[in-house]
Q: 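One structure follows; several queries about it will come next.
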There are 2 protein chains.
Amino acid sequence: MSEKEPVLEQCDYMHLHENVIEQVQEEMPEEEILYDLAELFKVFGDSTRIKILYVLFQSEMCVCDIAQLLNMSQSAISHQLRVLKQAQLVKYRREGKTVFYSLADAHVNTILNQGLEHIEE
Amino acid sequence: MSEKEPVLEQCDYMHLHENVIEQVQEEMPEEEILYDLAELFKVFGDSTRIKILYVLFQSEMCVCDIAQLLNMSQSAISHQLRVLKQAQLVKYRREGKTVFYSLADAHVNTILNQGLEHIEE
DNA sequence: CATTCATATGAATAATTGTTCATATATTTA
DNA sequence: TAAATATATGAACAATTATTCATATGAATG
């Protein structure tokens with residue numbers, strides 16, 4: 001019953017210098033942060049949500065107005081607003097039967113603009 | 001056989017002023033741009049790819065080194081590098097058997113940092 | 001030119017996700 | 001309190017996607 005080394009599937013040697021490896025491990029944000037970061041960008045990774053963010057950049061708006069502007073169902077928009085809300089990208093206030101949504105902070109626009117700059121190269 | 005209006009599932013009236021509606025339609029980037037933008041952020045929306053971008057921020061690196069640093073299979077990393085390459089977020093150069101990857105431009109870091117700032121609120 | 005090493009890639013699978021449909025909740029008004 | 005309106009939400013389904021596994025490609029080397 002000879003024990004076999006698990007196949008580590010590594011290259012023969014690393015090209016990186018020791019100090020770069022250390023540097024990477026130091027500078028790398030924590031696992032949880034990286035996960036949250038990916039979660040945040042995932043929210044931007046849907047064109048419906050991008051559109052919602054763009055229209056909200058123009059003005060505070062209720063769910064129904066957004067749905068009409070984007071020509072989508074109330075339900076679809078509501079579901080997506082929930083995602084945006086959870087990511088704290090939008091905030092809302094209630095006024096009677098109507099709920100008005102607006103952008104949560106300035107980062108939203110910066111992120112969108114950086115993205116635009118990138119794809120416009 | 002009375003014809004029924006299709007249920008448009010709209011609100012009774014829009015809250016928005018005409019000029020806001022116009023404004024939205026003017027300012028809104030084209031459908032294709034919005035789609036590309038979502039595609040770009042989708043690429044950031046995965047923690048493996050986020051990690052790859054972070055390590056590449058420290059230094060140019062070959063596929064195998066990245067795999068070892070992140071403790072993932074060569075194949076998984078290679079697949080993800082392809083996604084990053086297609087989004088023009090990384091570039092590469094070949095040196096013999098080895099392929100070295102590096103960040104394509106400065107936007108990558110700006111976008112990541114804006115994301116970080118947002119989640120650290 | 002056969003072998004080895006580094007990387008790429010196609011197929012398969014499991015997991016995630018966006019929309020729809022039906023319905024629930026909340027608020028106002030008759 | 002019943003009806004109407006605006007919004008939210010759960011379930012279902014189709015579509016997308018990240019990883020694994022097996023294998024292919026490409027480059028150096030004996």
Side-chain angles (χ1 to χ4, degrees), chain A residues 6-16 34-35 38-53 60-87 90-102, chain B residues 6-16 34-35 38-53 60-87 90-102:
Chain A
V7 180
L8 275 184
E9 192 194 10
Q10 294 180 157
C11 30
D12 283 2
Y13 59 92
M14 290 193 74
H15 289 78
L16 293 174
L34 294 170
Y35 186 81
E39 288 303 302
L40 173 66
F41 286 121
K42 225 173 268 182
V43 175
F44 284 91
D46 175 83
S47 61
T48 297
R49 289 192 292 264
I50 294 270
K51 287 178 198 170
I52 294 177
L53 293 175
E60 173 187 70
M61 246 173 252
C62 70
V63 181
C64 186
D65 284 357
I66 300 173
Q68 286 194 250
L69 271 176
L70 302 187
N71 198 33
M72 292 186 64
S73 76
Q74 176 271 323
S75 179
I77 299 298
S78 187
H79 276 297
Q80 297 302 357
L81 281 170
R82 188 157 66 106
V83 176
L84 292 166
K85 209 191 316 177
Q86 281 169 346
V90 302
K91 54 183 197 271
Y92 65 98
R93 69 183 176 84
R94 179 149 218 147
E95 195 173 286
K97 287 176 288 192
T98 311
V99 178
F100 290 96
Y101 282 85
S102 56
Chain B
V7 181
L8 274 185
E9 193 194 10
Q10 293 180 158
C11 29
D12 283 3
Y13 59 92
M14 290 194 74
H15 290 78
L16 293 174
L34 294 170
Y35 186 80
E39 288 302 303
L40 173 66
F41 286 121
K42 224 172 268 182
V43 175
F44 285 92
D46 175 85
S47 60
T48 297
R49 288 192 291 264
I50 294 272
K51 285 178 200 172
I52 294 177
L53 294 174
E60 173 187 71
M61 247 173 252
C62 70
V63 180
C64 186
D65 283 357
I66 299 173
Q68 286 194 250
L69 270 175
L70 303 187
N71 199 31
M72 293 186 64
S73 76
Q74 176 271 322
S75 180
I77 298 300
S78 186
H79 277 296
Q80 298 302 358
L81 281 170
R82 188 157 66 107
V83 176
L84 291 167
K85 209 190 317 176
Q86 280 168 346
V90 301
K91 54 183 197 272
Y92 65 98
R93 68 182 176 84
R94 180 150 219 146
E95 196 173 287
K97 287 176 288 192
T98 311
V99 177
F100 290 96
Y101 282 85
S102 56

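Convention: sequence-line order gives letters A, B, ...; per-chain numbering from 1.
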Q: If you compare every side-chain N and O of A:Arg82 against the phosphate oxygens of D:dT7 (OP1, OP2), does one of them come in below 4.0 Å?
A: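 For D:dT7, OP1/OP2 do not have a side-chain N/O of A:Arg82 under 4.0 Å.
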
Q: Rounded to the nearest Å, what distance is computed from the NZ atom of residue B:Lys97 to the P atom of nucleotide C:dA6?
A: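 Spelled out: NZ on B:Lys97 to P on C:dA6 is 6 Å.
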
Q: Please report the distance, rounded to the nearest Å, between CE in B:Met72 and C1' in C:dA8.
A: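 It is 16 Å, rounded to the nearest whole Å.
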
Q: Side-chain donor or acceptor of A:Thr48 under 3.5 Å from a matching atom on the base of C:dT19?
A: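 No such pair is found, so the answer is no.
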
Q: Distance check, rounded to the nearest 0.5 Å: B:Gln68 atom CD versus A:Tyr13 atom OH?
A: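 With rounding to 0.5 Å, CD (B:Gln68) is 12.0 Å from OH (A:Tyr13).
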
Q: Looking at the base of C:dT7, is there any donor atom on it, or on the side chain of B:His79, that sits under 3.5 Å from an acceptor on the other one?
A: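 No.
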
Q: DNA chain C: A:Gln80 or A:His15, which has the more 5' nearest nucleotide?
A: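 Comparing both residues, the 5'-ward one is A:His15.
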
Q: Here's a test of your reading of the structure: between A:Ala76 and B:Lys85, which maps to the more 5' nucleotide of DNA chain C?
A: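 That would be B:Lys85.
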
Q: Quick one: pull up CD in B:Gln74 and NE2 in B:His79 and give me the separation to the nearest 0.5 Å.
A: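 Going from CD on B:Gln74 over to NE2 on B:His79, the span is 8.5 Å.
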
Q: To the nearest 0.5 Å, tell me how far B:Met14 CE sits from A:Met61 CE.
A: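 If I round to the nearest 0.5 Å, the distance is 7.5 Å.
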
Q: Counting the atoms with a prime plus P, OP1 and OP2 as sugar-phosphate, which does B:Thr98 contact under 4.0 Å by heavy atoms, base, sugar-phosphate, or nothing?
A: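 It contacts sugar-phosphate atoms only.
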
Q: Across the strands shown, which category fits B:Tyr92 at heavy-atom distances under 4.0 angstrom: base, sugar-phosphate, nothing?
A: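 No contact at all - B:Tyr92 keeps every heavy atom at 4.0 Å or more from the nucleic acid.
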
Q: For A:Tyr13, report the nucleic acid contact type (base, sugar-phosphate, nothing); a contact means any heavy atom under 4.0 Å.
A: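 Result for A:Tyr13 = nothing.
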
Q: What's the separation between atom OH in A:Tyr101 and atom CG in A:Leu53, rounded to the nearest 0.5 Å?
A: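 Here the rounded value is 13.0 Å.
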
Q: Roughly, in whole Å, what's the span from NZ in B:Lys42 to P in C:dT16?
A: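 Atom-to-atom, B:Lys42 to C:dT16, this comes out as 17 Å.
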
Q: If I take atom CG in residue A:Asp65 and atom C1' in nucleotide D:dT5, what distance separates them, rounded to the nearest angstrom?
A: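 Roughly 14 Å, once rounded to whole Å.
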
Q: Under 3.5 Å, is there any donor-acceptor pair linking the side chain of A:Gln74 to the base of D:dA8?
A: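 Such a pair exists between side chain and base.
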
Q: Please check the phosphate of D:dT20 (OP1 and OP2 only) for any side-chain N or O of B:Ser73 closer than 4.0 Å.
A: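 Yes, within the criterion.
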
